[in-house]
Amino acid sequence: MPPRRKPNSITRLAVLAATLVVASPGAGQNNDTPAAPTERREASLVLADGRQLVGTLVLTDEDGVVIEISGIETRYTHDQVREVIVLPPIRERYRRHRELIADDDIDQLLTLVEWAKSRELFGLALIELQGIRARDADNVRAKELVREIEALMKLRDLRVAGSDDPNTDTERGPRPEITPLSPDQINLLKVYELDLTDPPPLRVTRDTIDRFIEQYGDHELMPQSDEGRAAMRRWRPERILDRMFRVRARDLYGEVTVDGEPEAFKRFREDVHAEWLSRSCATNACHGGAEAGRFWLKSDRRNSEPTVYTNFLILERFRLDDGQPLIDYTNPSESPLLQLALDPRRSSRPHPEVAIGNTRFRPAIDSRDDARFRRAVEWINSMYRPRPEYPVTFTPPVPPGEEGRLIIDDGPVER
């Protein structure tokens, strides 16, 4: 047998490149940051014969490169590979693509949805489709894609749960029904979390401004002259809301309409809810099913706005048996929400070992080095401080025998 050929300098460089993030330069980006060890990344392989393949990079070793395309893993030796280029993380590439597309460019948005669908970014794809259908309710392809993606998500849940039906199971029973937050309640949550230095589009009606002046006109922070009040009626909506916050005109907060989404909630929706909470924690085999204990998450229409914001409020208000909240805003990385989602071997608060039918607990996050863990910490850090207690009446269902153990606090609001 002839001796194994050593890789030449080109292939050695290619293998080295496969361990690095290779991204086009951008302002404020560090393109030399190593990929998190738990992330599998897409890569482009340029073969010796000139062909170019794009798939998921499985591994690189002394024998060559293994890449997965359409679920099939294939090994290529060093002699067969001219270059390996590891692409930026899929979600980062999605955001870059999205920034280049106008909100009314339906054709390009549908192309982006197809791209996201092929990479199993189902949550982001459905969110994009909601925007498309808001502009073009009769778009046939958008309707088809919604059905296709929802079907793919159900199939994925079946693979995770090991069940024959995503909604019912002879051992688990039906999923609990959770009444979602109303549009007005969702809007109010958005108002409380706004960063007024960079707000999404807001609307305040003239009637609301008039009532604001009438009810709070004597406050020292309100204009006292007729000229000043006339000028106030021409203020931009974010300035009106800032004055409402300063005056504590809480009865009027809900009359400010938020047409977009605060950055903090955008992070929660994309980096937590769509990334792992709805895919791991809110499935029928976990906290979305009848055997979830007293902690239930809404699991139907999982990427719709009512489900996302309802699940956020459940997380926000839930208390463990020792009274500790799931989200620790003073030390986000130690939040029980994140520690319980971690691999128990790496957690300071391991998830209890549970088994439902043939399904055992699977961690949603592998380690603190996992990009999902880092993004979740960034989301918690982005929430408004000091934390408000939203004046929203909401009581999720509680299993029989668990009444009184779910703490709901509608205390005073700081903002």
Side-chain angles (χ1 to χ4, degrees), residues 18-23 28-43 56-60 86-95 119-121 123-124 160 263-283 285-287 295 297 308 311-312 314-316 318-354 359-385 387:
T19 65
L20 301 177
V21 177
V22 180
Q29 294 175 342
N30 178 0
N31 295 322
D32 295 324
T33 303
T38 57
E39 290 184 289
R40 293 180 71 182
R41 301 281 291 276
E42 278 198 327
T56 301
L57 182 66
V58 178
L59 63 86
T60 61
V86 178
L87 302 174
I90 294 175
R91 295 174 67 83
E92 179 183 333
R93 288 159 61 201
Y94 168 85
R95 286 169 177 157
R119 288 155 176 81
E120 295 194 6
L121 295 179
L124 292 176
V160 172
E263 180 63 26
F265 278 134
K266 182 179 179 182
R267 287 174 181 264
F268 172 72
R269 174 170 55 85
E270 295 183 358
D271 295 339
V272 177
H273 197 274
E275 181 73 12
W276 54 268
L277 188 76
S278 66
R279 296 168 58 178
S280 298
C281 304
T283 62
C286 196
H287 293 288
F295 177 47
L297 291 170
V308 171
N311 281 342
F312 163 76
I314 291 173
L315 298 178
E316 175 82 1
F318 189 84
R319 298 296 183 268
L320 300 169
D321 286 339
D322 59 5
Q324 186 174 0
L326 281 177
I327 306 171
D328 186 341
Y329 289 100
T330 60
N331 191 5
S333 64
E334 292 302 319
S335 295
L337 173 65
L338 303 190
Q339 293 301 318
L340 289 166
L342 272 174
D343 185 324
R345 297 169 298 178
R346 302 180 177 93
S347 172
S348 62
R349 189 163 192 154
H351 193 287
E353 182 61 39
V354 293
T359 304
R360 304 187 71 82
F361 170 72
R362 295 183 182 181
I365 302 174
D366 293 320
S367 72
R368 290 171 181 261
D369 293 326
D370 192 321
R372 289 165 293 189
F373 188 90
R374 297 197 304 271
R375 286 194 288 261
V377 170
E378 290 168 1
W379 155 62
I380 295 173
N381 279 323
S382 71
M383 298 295 284
Y384 181 79
R385 304 290 199 282
R387 291 301 301 147

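Residues satisfying the side chain to side chain donor-acceptor pair (under 3.5 Å) test with Asp328, not counting sequence neighbours, are Thr330. For Pro332, the side-chain contact (heavy atoms from CB on, under 4.5 Å) criterion is met by Val377, Ile380, Asn381, not counting sequence neighbours. Residues forming a side-chain contact (heavy atoms from CB on, under 4.5 Å) with Arg95 (at least two apart in sequence, or on another chain): Arg91, Glu270, Asp271. Under the rule for a side chain to side chain donor-acceptor pair (under 3.5 Å), the partners of Arg346 that lie at least two apart in sequence or sit in another chain are Asp343. Arg93 is linked by a side chain to side chain donor-acceptor pair (under 3.5 Å) to Glu42, counting only residues two or more places apart in sequence or in another chain. Here Phe268 pairs with His273, Phe312, Trp379 under the ring pair (Phe, Tyr, Trp, His ring centres under 6.0 Å) rule; sequence neighbours left out. Residues that satisfy the side chain to side chain donor-acceptor pair (under 3.5 Å) test with Glu263, not counting sequence neighbours, are absent from this structure. Taking the salt bridge (charged side-chain N to carboxylate O under 4.0 Å, His left out) definition, one finds that Arg368 meets it with Glu334, sequence neighbours left out. Checked against salt bridge (charged side-chain N to carboxylate O under 4.0 Å, His left out), Arg385 has no partners two or more places apart in sequence or in another chain.
Atom-to-atom distance recorded for Leu121:CG and Glu275:CD is 8.0 Å, nearest 0.5 angstrom. Interatomic distance, CZ of Arg372 versus CH2 of Trp276, reported as 9.5 Å (0.5 Å rounding). Note that CG of Leu326 is 7.0 Å distant from CG of Leu340, once rounded to the nearest 0.5 Å. Once rounded to the nearest 0.5 Å, the distance linking CG of Leu297 with CG of Leu315 reads 6.0 Å. Here CG of Leu277 is found 14.0 Å from CZ of Arg269. Values are rounded to the nearest 0.5 Å. Summarising the geometry, atom CD belonging to Gln324 is positioned 4.5 Å from atom CZ belonging to Arg349; distances are rounded to the nearest 0.5 Å.
Of all heavy-atom pairs between Phe373 and Ser367, the closest is CB-O, 3.6 Å. In this structure, Asp366 and Leu342 approach most closely via the heavy-atom pair C-CD2, 4.1 Å. Annotation for Asp369 and Arg374: closest pair O-NH1, 2.5 Å, computed over non-hydrogen atoms. Closest of all the heavy-atom pairs between Arg319 and Gly323 is CD-O, 3.4 Å.
At distances below 3.5 Å, at least one donor-acceptor pair connects side-chain atoms of Gln339 with backbone N or O atoms of Ser333. With Ser335 contributing its side chain and Leu337 its backbone, the two residues share no donor-acceptor pair below 3.5 Å. Distance alone, capped at 3.5 Å, places no donor-acceptor pair between the Arg375 side chain and the Val272 backbone.
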